[in-house]
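Down below is the structure, laid out as structure tokens.
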Amino acid sequence: MIAAVSSNGTRVGITGIGAYVPDRVLTNADLEEMVATSDEWIVERTGIRERRIAEPSEAASDLALPAARDALEQAQIRGEDLDYIVVATATPDMLFPATSCVVADALGAERAAAYDLLAGCSGFLYALAQAYGAVSSGLAERTLVVGSEVLSKITNWKERGTCILFGDGAGAAVVERVDEGGFEGFELGADGSRGPDLCVPAGGSRLPSTTENLEREAQFIHMNGREVFRFATRVMVSSAQELLDASGLTLDDVDLYVPHQANQRIIDHAAKEIGLARDKIVLNIDRYGNTSSASIPLALVEAERDGRLADGDTVLMSAVGAGLTWGSALLTWSNGGSRSR
Ligand SMILES: CC(C)(COP(=O)(O)OP(=O)(O)OC[C@H]1O[C@@H](n2cnc3c(N)ncnc32)[C@H](O)[C@@H]1OP(=O)(O)O)[C@@H](O)C(=O)NCCC(=O)NCCS
């Protein structure tokens, strides 16, 4: 699915962003004590030096809430103003009710429709596209999109091929009408035949959480790292290129590239193939690892805090994740006061 969206007249953009990570830091040196690995191996193969880990008592909504509150504050709206909340997560508080309902209740968003979205690490971009659709069609006015993950709870801490990669965190964005800028287009896709390459087999209706399935450790992330790597390097490039073409934009128009932080080698490869200069890339994988649907909003918040995002800047975001899914979004940054109210 590919669409250049700015042509329909209604401009929809991000008017507030926020992020949250747990305090606890797990370094590569800590991992050396847990599995047969080394800081050198992890840094060289992934670029990751440390990641944040939630407390045993913390669930996805606990991380989502501070991120959401910051986004609402920046957008200068209250929870009760929201009419649509979507939380992208692969690690919901529980199967149901949806984590978004927990978030809506805590924010006092009594008028909002609330549901979760499962598209792996592409979830935040899928959710932005849905919020865009809801606002531009008139279905909703003030929407909140959250990516929140507690991947540490579905990580097998005895499996060195996966446990080095993931971390916990949350990011949020308020999406509504804006006077200028806003989303220029989306490109989203999925190849379900690749599902087994990155999955959590148990906990659903195929393999319920029985003692037998837990003993087989089927409740943890299972990944064919090499296949996911190959797939990711291909689609991170093709998705971004197709979206730029459809939007009539060129590389020169892109001011900032905010990729999903899965692996520094995947990001470097994609940026090189697309032709993006290194100083346009937002990178924080060294400090957070792969936080799945939280990774793009976490990076956006850091970029803004560091003064790398100004009104009028064109931002290219791309992700790949379980599904296997992928997505890209193009956005003209406009949250410095151009909201349409
Ligand atoms: C996981 C990943 C870092 C592994 O790197 P790789 O270069 O593909 O490594 P391989 O899986 O080929 O393994 C190479 C060797 O390193 C070993 N190895 C794997 N994990 C290791 C670790 N943490 N420390 C040390 N050695 C490790 C393997 O056992 C293998 O040893 P062998 O050759 O003796 O069998 C890489 O495949 C990757 O990042 N894939 C994409 C994952 C991803 O992004 N998933 C989320 C997508 S949203």
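Values reported hereafter were calculated over all heavy atoms of this structure, with side chains retained and with hydrogens, waters and symmetry mates removed. Just so you know, residue 1 is the first one in the sequence shown, and it goes up from there. The shown structure was predicted, so the numbers you read here are calculated from the model rather than taken from an experiment. All ligand and atom numbering here is 1-based and tracks the order in the structure.
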Does a sphere of radius 6.0 Å around CD in E141 hold more than 12 heavy atoms from other residues, nucleotides or ligands, not counting ones at 6.0 Å or beyond?
no
Using non-hydrogen atoms of the residue, decide whether A232 is closer than 4.0 angstrom to ligand 1.
no
By number and element, which atoms of ligand 1 are closer than 4.0 Å to a non-hydrogen atom of C121?
48 (S)
Atom CZ of R78 with >12 non-hydrogen neighbours under 6.0 angstrom:
no
Is_contact(atom 33 (O) of ligand 1), protein non-hydrogen, under 4.0 Å
no
Does any N/O atom on H260 come nearer than 3.5 Å to any N/O atom on ligand 1?
no
Any nitrogen or oxygen of T37, main chain or side chain, under 3.5 Å from a nitrogen or oxygen of ligand 1?
yes
Among residues at least two apart in sequence or on other chains, which ones pass side chain to side chain contact (heavy atoms under 4.5 Å, CB included) with R226?
N224
For atom CG of D306, is the number of surrounding heavy atoms from other residues, nucleotides or ligands below 6.0 Å larger than 12?
yes
More than 12 foreign heavy atoms under 6.0 Å from CZ of R49: is that the case here?
no
Residue, atom name and distance, where the atom is the protein heavy atom closest to atom 4 (C) of ligand 1:
W41 CH2, 3.9 Å
Under the 4.0 Å line, does any protein heavy atom show up next to atom 15 (C) of ligand 1?
no
So if I count the atoms of ligand 1 from 1 in the order they appear, which ones are less than 4.0 Å from some heavy atom of V228?
43 (C), 45 (N), 47 (C)
Protein non-hydrogen atoms only, distance under 4.0 Å: does atom 2 (C) of ligand 1 have such a neighbour?
no
Mind checking whether I42 contacts ligand 1 via backbone (N, CA, C, O), side chain (CB onward), both or neither, at a 4.0 Å heavy-atom cut-off?
neither
Look only at the side chain of R69 and the backbone of G79, and say whether a donor-acceptor pair between them is shorter than 3.5 Å.
no
Test item: protein heavy atom less than 4.0 Å from atom 30 (C) of ligand 1:
no
I'd like to check which ligand 1 atoms, numbered from 1 as shown, lie under 4.0 Å from a non-hydrogen atom of I164.
23 (N)
dist L72:CG -> I17:CD1 (nearest 0.5 Å) comes out at 13.0 Å
Can you list the residues that meet the ring-ring contact (aromatic ring centres under 6.0 Å, His included) rule with Y84, with sequence neighbours excluded?
Y115
Is there a side-chain contact between V254 and L244 (heavy atoms, below 4.5 Å)?
yes
Please confirm whether R226 comes within less than 3.5 Å of ligand 1 when only nitrogen or oxygen atoms on both sides are compared.
yes
Under 4.0 Å to a heavy atom of V320 - the qualifying atoms of ligand 1, by number:
48 (S)
Heavy atoms only: which of R45, R265, E159 is nearest to atom 9 (O) of ligand 1?
R45
Does some non-hydrogen atom of A36 fall short of 4.0 Å from ligand 1?
yes
If you measure every N/O of G225 against every N/O of ligand 1, is any gap under 3.5 Å?
yes
